[in-house]
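To keep things clear, I will list the structure first and then write my remarks on it.
Here the structure is a predicted model, which means the values were calculated and not measured. Note: hydrogens, waters and symmetry copies are ignored here, and every other heavy atom, side chains too, is used. Nothing fancy with the numbering, it's 1 onward along the sequence.
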Amino acid sequence: MLHPLRRLRAFMRSCSLKTAFVIYAIAATVVALAVSTGAASVLSNASSEIWRESSARSGMYIYVSDANALVPAEALSWYGNEDDSLYVEVPEDESALAIRIDEPGSDSESMRVYDGRILDGEDLAEGATEDPIPLAAVPAYDEAQKRRLPEGAADGSLLPADERGEKPASSVVSYYVAHHPEDGAYDALQLLTFLVFPGVFALVFVATAHLFYRNHLKQPIATMRGAAQRIAENDLDFELAPDSGNELGKLTESFETMRASLVTSNREMWRMVEARKEANAAFAHDLRTPLTVLRGQLEMLASYTASGSLAADQIEEMARSSQRQVERIERYIEAMRDLAKLDDCEVVAVDVDASRLVERLGEAARALAADCGKRSDVIASELPETARLDADVVERVAGNLLANAARYATSLVVLVCAADGSDLVVTVEDDGPGFSAEALEQGLEPYYRDTSRPDSSEHFGLGLGICSLLVAKCGGSVVLSNRFDETGARVEARFPGVFNC
């Protein structure tokens, strides 16, 4: 059983790019959310700690003129009422020290002083303010506010003395001193807390995109780019192996299929070029013979006719021999012309009478067999009334096959026309020596000649090749075989989709 991580890796390599992208996106979202939440929590705690340190120094103060300072104070809840609460000085500690007016200290810029009382409209009208009070203005402000109070109001005379017999400083005018964080650290942490979510999400998604590209896109793209470059340079001596089962893996397989097809096509083209070179060499050799004969006979005629050394029958024989050589050259030229026309040949399928087509094929079979002194049989199974095909192409293919069969048959040529579903199958058999093993493999190639046969020099190896090309233009195929008793050749031409079944 595979380890879970290996199973996950195998799944990621086989799943589609869409599925992999969704998985990466979900994982990135979870990671980004966890990291950003954790980072925001740390930053928030740090800013809160700074705020707590500053807030611990904030609180209520009263102004003591003797010390010319604001000192920490607290309200006596049991004394007075809401309008004239009494604030008394409390012992100083590390969090709340006295603030000297003339020497405010280094934190004065982060400090704000407010009137600590609950002010009404009358207070505001007589000089009280809810706005921050400059530290240097506190003594004058305190004096002005105390002059508004009735004589002897809240002077602290009822306060008990402490253990040293002293009474704490007291005042009904209080101040709230607010300390704010210093040095910009708090503001920076607040800004980072705000930016941590988009920042972390952006970084995580950029990193995830890089991982996705590296794990799923980089190698296939590089492989296909390299393959395309090598193909452009006509270098097909390599193989492509997909490293995943996703769309790019399938695209890599398609590249490999294309490369293999190009290799096959190039080999086939090279083979055909080589075959054509060999055929051209053979044709040049074949043409050299009749041309040599013609030249020799013409030289003899030119040399001996004027002197009367040649008899009439000799001249006639030389003329007939020259005519045969000319006919051979004409056959060669005609064969080459037919092969060249195949590239421009267009197949035009029309509805034809199937029985009439079979009659014409049968007439051709009987005529070609009779010319070679052979018998012919025509077998036609029940065919649909109408076939949609190019009758000229079918007759030309059948004619070539029947001519070959009549040439090599011992005594009999058989033509069979049958329907196989919607296909028309034309089969030609003979009782001759049959195809050799080499001919069965290469017989449909243009210019192929079976050198094992004594008459190989009498033809140009184009008949079966032309048939194969014509049938291929109809979307069909030609198959060579020998009869089951190995006593004759059998050629099957299939024309697909000609019957409406």
Side-chain angles (χ1 to χ4, degrees), residues 1-53 180-266:
M1 187 174 183
L2 292 176
H3 189 275
L5 290 178
R6 292 183 180 178
R7 292 169 60 187
L8 176 61
R9 181 179 297 178
F11 171 75
M12 294 297 291
R13 291 172 64 86
S14 61
C15 69
S16 66
L17 288 176
K18 178 181 178 181
T19 301
F21 178 80
V22 170
I23 293 174
Y24 272 78
I26 293 174
T29 302
V30 172
V31 172
L33 188 61
V35 172
S36 58
T37 301
S41 177
V42 172
L43 294 172
S44 178
N45 290 338
S47 63
S48 297
E49 184 64 26
I50 295 176
W51 179 262
R52 281 194 299 270
E53 291 177 359
H180 295 280
E182 303 175 358
D183 301 330
Y186 177 79
D187 294 335
L189 289 174
Q190 289 289 96
L191 179 61
L192 288 176
T193 303
F194 175 77
L195 296 177
V196 68
F197 280 92
V200 169
F201 268 80
L203 290 175
V204 170
F205 273 93
V206 167
T208 302
H210 174 73
L211 288 175
F212 182 80
Y213 174 78
R214 188 190 68 182
N215 294 338
H216 296 273
L217 302 180
K218 182 178 181 181
Q219 184 59 40
I221 291 175
T223 299
M224 288 184 287
R225 184 187 296 117
Q229 180 67 28
R230 296 183 69 173
I231 291 174
E233 296 172 354
N234 292 323
D235 179 11
L236 301 176
D237 188 17
F238 64 94
E239 291 186 5
L240 295 174
D243 61 350
S244 64
N246 57 29
E247 293 85 346
L248 288 179
K250 292 181 174 60
L251 183 59
T252 304
E253 291 179 355
S254 299
F255 257 73
E256 172 59 21
T257 301
M258 179 185 69
R259 184 204 65 81
S261 298
L262 288 174
V263 170
T264 302
S265 299
N266 285 357

Which pair of heavy atoms, one from Gln229 and one from Glu233, lies closest together, and at what distance? NE2-OE2, 2.8 Å
Just how far is it from atom OG1 of Thr208 to atom CG of Asn215, taken to the nearest 0.5 Å? 11.0 Å
Straight-line distance of Thr37 OG1 to Phe197 CZ, nearest 0.5 Å: 4.5 Å
Rounded to the nearest 0.5 Å, the CG atom of Leu17 sits from the OH atom of Tyr24 at a distance of 10.5 Å
Measure the spacing between CG of Leu217 and CG of Leu211 and express it to the nearest 0.5 Å. 11.5 Å
Enter the distance from Phe201:CZ to Thr29:OG1 here, rounded to the nearest 0.5 Å. 6.0 Å
Tightest non-hydrogen contact, residues Arg259 and Glu239, listed as NH2-CG, 3.8 Å
By salt bridge (charged side-chain N to carboxylate O under 4.0 Å, His left out), Asp235 pairs with (sequence neighbours left out) Arg230
What is the minimum heavy-atom distance between Ala32 and Val200, and which atoms define it? O-CG1, 3.7 Å
Taking it one step at a time, do Asn266 and Asn234 satisfy side chain to side chain contact (heavy atoms under 4.5 Å, CB included)? CA-CA 10 Å; Asn266 285 357; Asn234 292 323; 5.7 Å; no
Of all the heavy-atom pairs spanning Ala39 and Val196, show the shortest one and how long it is. CB-CG2, 3.5 Å
Measure across Thr193 and Ser44 and return the closest heavy-atom pair with its distance rounded to 0.1 Å. OG1-N, 3.9 Å
Between Gln219 and Thr223, a side-chain donor and acceptor under 3.5 Å: yes
Answer yes or no: are there more than 12 heavy-atom neighbours, outside Phe194 itself, under 6.0 Å from its atom CZ? no
